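The structure appears below as structure tokens.
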Number of protein chains: 2
Amino acid sequence: MDGKDQRIIRALQRDGRMTNQDLAAKVNLSPSPCLRRVKMLEQSGIIKGYSVDIDTEAYGLGVTVFVRVSLADHTDSTVKQFEKDIERVDQVMECYVMTGASDYLLRVVVADLADYEKFVRRKLHPIGGIASLDSSFVYGVVKKTNVLPALID
Amino acid sequence: MDGKDQRIIRALQRDGRMTNQDLAAKVNLSPSPCLRRVKMLEQSGIIKGYSVDIDTEAYGLGVTVFVRVSLADHTDSTVKQFEKDIERVDQVMECYVMTGASDYLLRVVVADLADYEKFVRRKLHPIGGIASLDSSFVYGVVKKTNVLPALID
DNA sequence: AATAATTTGGCATAATCTGCCAAGGAATTG
DNA sequence: CAATTCCTTGGCAGATTATGCCAAATTATT
């Protein structure tokens with residue numbers, strides 16, 4: 001992956017639907033080698049996919065919650081079951097295994113507070129093996145970007 | 001925004017570069033009304049943009065860190081300056097104002113631990129007004145999706 | 001400096017986008 | 001309940017874009 005690939009990636013992070021011709025112009029290539037590089041990035045897995053950014057509030061899911069989860073124990077079966085089950089919960093957009101005091105960090109989207117309570121009661125607790133939950137609500141978004149930093153600092 | 005718009009959004013979250021023809025087929029419309037709906041979603045701001053999902057590890061930024069930030073005080077000038085400055089730090093992909101013990105939650109991507117130390121010393125601390133930082137490193141990703149849950153649960 | 005390997009650019013064809021207009025369907029009103 | 005109005009849809013035509021192939025140019029290697 002050379003500098004041109006990086007510029008392709010950065011351009012597509014800003015606008016993932018840019019036409020190949022515009023992309024080519026932006027990275028100083030003609031369309032065919034540009035397209036070939038994009039396809040190669042896709043095939044090699046560096047480009048995992050494309051997506052649309054939705055205004056969650058306008059969509060009707062205005063509340064974002066970060067939830068720190070600690071498991072009651074760390075036996076294989078408890079861990080495996082939690083990870084398998086959490087994957088299937090639609091409201092959980094992200095689930096990370098973390099260092100520090102808690103085991104997992106979830107990003108959850110719901111419509112409102114009442115919805116969040118239902119989510120915890122009906123989706124999280126039934127999973128079992130959870131020792132504690134610590135929820136922090138998002139008041140506001142200062143920054144949210146898809147553009148990764150340049151590699152050479 | 002009716003059911004068809006929701007299906008359009010969900011399809012584009014899974015594949016943001018799907019051609020309009022495929023999208024139309026997937027939501028049972030012909031291409032022209034489908035395109036019109038997409039344009040309307042873009043103009044109304046529900047669709048904020050399109051992006052590419054990059055494998056951060058393959059890209060060379062394998063370490064993700066969540067940082068909880070507490071400010072020393074909450075005067076207007078301290079808050080404003082922090083939010084203005086943090087926005088310009090490329091390694092900060094997300095910055096949320098949070099309820100709970102700390103004021104902000106950051107998601108930061110760096111190449112490695114050495115890089116993270118440099119990031120804290122050169123990018124975060126110079127901002128000033130920071131009372132404490134609490135960093136948690138991501139060990140693994142259990143789930144990461146762009147697909148918002150359906151609205152009716 | 002010569003050769004080999006890789007990458008690039010241009011061209012032709014195929015696919016897709018996009019704006020316009022008539023037809024269809026839903027809602028409203030008398 | 002029927003007539004009108006309004007909104008949405010579908011199809012078509014021209015413009016734009018994608019895509020595969022081949023020769024030329026560039027880069028790396030020896």
Side-chain angles (χ1 to χ4, degrees), chain A residues 1-61 111 145-153, chain B residues 1-61 111 146-152:
Chain A
M1 203 186 55
D2 61 7
K4 286 224 167 80
D5 287 330
Q6 275 188 54
R7 292 177 65 184
I8 287 174
I9 287 172
R10 288 168 68 77
L12 286 177
Q13 282 172 336
R14 289 200 172 78
D15 178 5
R17 272 197 101 142
M18 181 180 280
T19 68
N20 181 59
Q21 304 201 351
D22 290 348
L23 181 61
K26 194 152 256 180
V27 302
N28 288 318
L29 276 176
S30 67
S32 9
C34 184
L35 182 63
R36 232 177 339 226
R37 280 169 177 270
V38 171
K39 296 290 177 196
M40 208 198 52
L41 288 167
E42 287 169 356
Q43 272 214 310
S44 71
I46 295 179
I47 288 180
K48 293 196 291 182
Y50 300 88
S51 188
V52 64
D53 291 335
I54 298 298
D55 183 325
T56 52
E57 188 135 1
Y59 181 79
L61 296 171
T145 182
N146 294 304
V147 183
L148 291 167
L151 283 179
I152 7 123
D153 197 17
Chain B
M1 204 185 53
D2 61 7
K4 287 228 165 74
D5 287 331
Q6 276 188 52
R7 292 178 65 185
I8 287 175
I9 287 172
R10 289 169 68 77
L12 286 178
Q13 283 172 336
R14 289 201 173 76
D15 178 7
R17 271 198 101 141
M18 182 181 279
T19 68
N20 182 58
Q21 302 199 350
D22 291 348
L23 180 62
K26 193 152 255 178
V27 302
N28 288 320
L29 277 175
S30 66
S32 7
C34 183
L35 182 64
R36 232 179 336 231
R37 280 169 178 268
V38 172
K39 298 287 179 198
M40 208 198 51
L41 288 168
E42 289 170 355
Q43 272 214 309
S44 70
I46 295 179
I47 288 181
K48 293 196 291 181
Y50 300 87
S51 189
V52 63
D53 290 336
I54 297 299
D55 182 325
T56 52
E57 188 136 0
Y59 180 79
L61 295 171
N146 295 304
V147 183
L148 292 167
L151 283 178
I152 7 123

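Residue numbering restarts at 1 for every chain, and letters A, B, ... go by the order of the sequence lines. This is a predicted model, so every value here is computed, not measured.
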Nucleotide nearest [X] when distance is taken to its side chain, options [options]:
X	options	answer
A:Arg17	C:dC17, C:dT8, C:dC21	C:dC17
B:Thr19	C:dT16, D:dT17, D:dT19	C:dT16
B:Asn20	D:dG10, D:dC21, C:dT18	C:dT18
B:Lys39	C:dT8, D:dT9, C:dT18	C:dT18
B:Ser32	D:dC12, D:dG20, C:dT8	D:dC12

Quiz item: Could a donor-acceptor pair under 3.5 angstrom be found where the side chain of B:Ser30 meets the base of D:dG11?
Solution: no

Quiz prompt | Steps toward side-chain contact (heavy atoms from CB on, under 4.5 Å) verdict (B:Ile47, A:Asp53) | solution = CA-CA 6 Å; B:Ile47 288 181; A:Asp53 291 335; over 6 Å; no

Quiz item: Looking only at side-chain N and O atoms, does A:Lys4 come under 4.0 Å of OP1 or OP2 in C:dT7?
Solution: no

Quiz item: Does B:Arg37 put a side-chain nitrogen or oxygen below 4.0 Å from OP1 or OP2 of D:dT9?
Solution: yes

Practice problem: Take B:Cys34 and B:Asn20 through the test side-chain contact (heavy atoms from CB on, under 4.5 Å) and record every step on the way to the result. | Solution: CA-CA 7 Å; B:Cys34 183; B:Asn20 182 58; 3.6 Å; yes

Rounding to an integer number of Å, can you tell me how far [X] [atom1] sits from [N] [atom2]?
X	N	atom1	atom2	value
B:Arg36	D:dG10	CZ	P	9 Å
A:Leu35	C:dC11	CG	P	18 Å
B:Asp22	C:dT16	CG	P	7 Å
B:Leu23	D:dG10	CG	P	13 Å
B:Asp2	C:dA27	CG	P	12 Å
A:Leu29	C:dG10	CG	C1'	14 Å
B:Gln21	C:dT16	CD	P	5 Å
A:Met18	C:dT16	CE	C1'	19 Å

Quiz item: Would B:Arg37 and B:Asp5 pass as an ion pair if we require N to O under 4.0 Å?
Solution: yes

Quiz item: Does B:Gln13 reach the main-chain N or O of B:Leu148 with its side chain, forming a donor-acceptor pair under 3.5 Å?
Solution: yes

Practice problem: For A:Tyr50 and A:Glu42, run side chain to side chain donor-acceptor pair (under 3.5 Å): C-alpha distance rounded to whole Å, both residues' side-chain angles, the deciding distance at 0.1 Å, then the answer. | Solution: CA-CA 10 Å; A:Tyr50 300 88; A:Glu42 287 169 356; 2.7 Å; yes

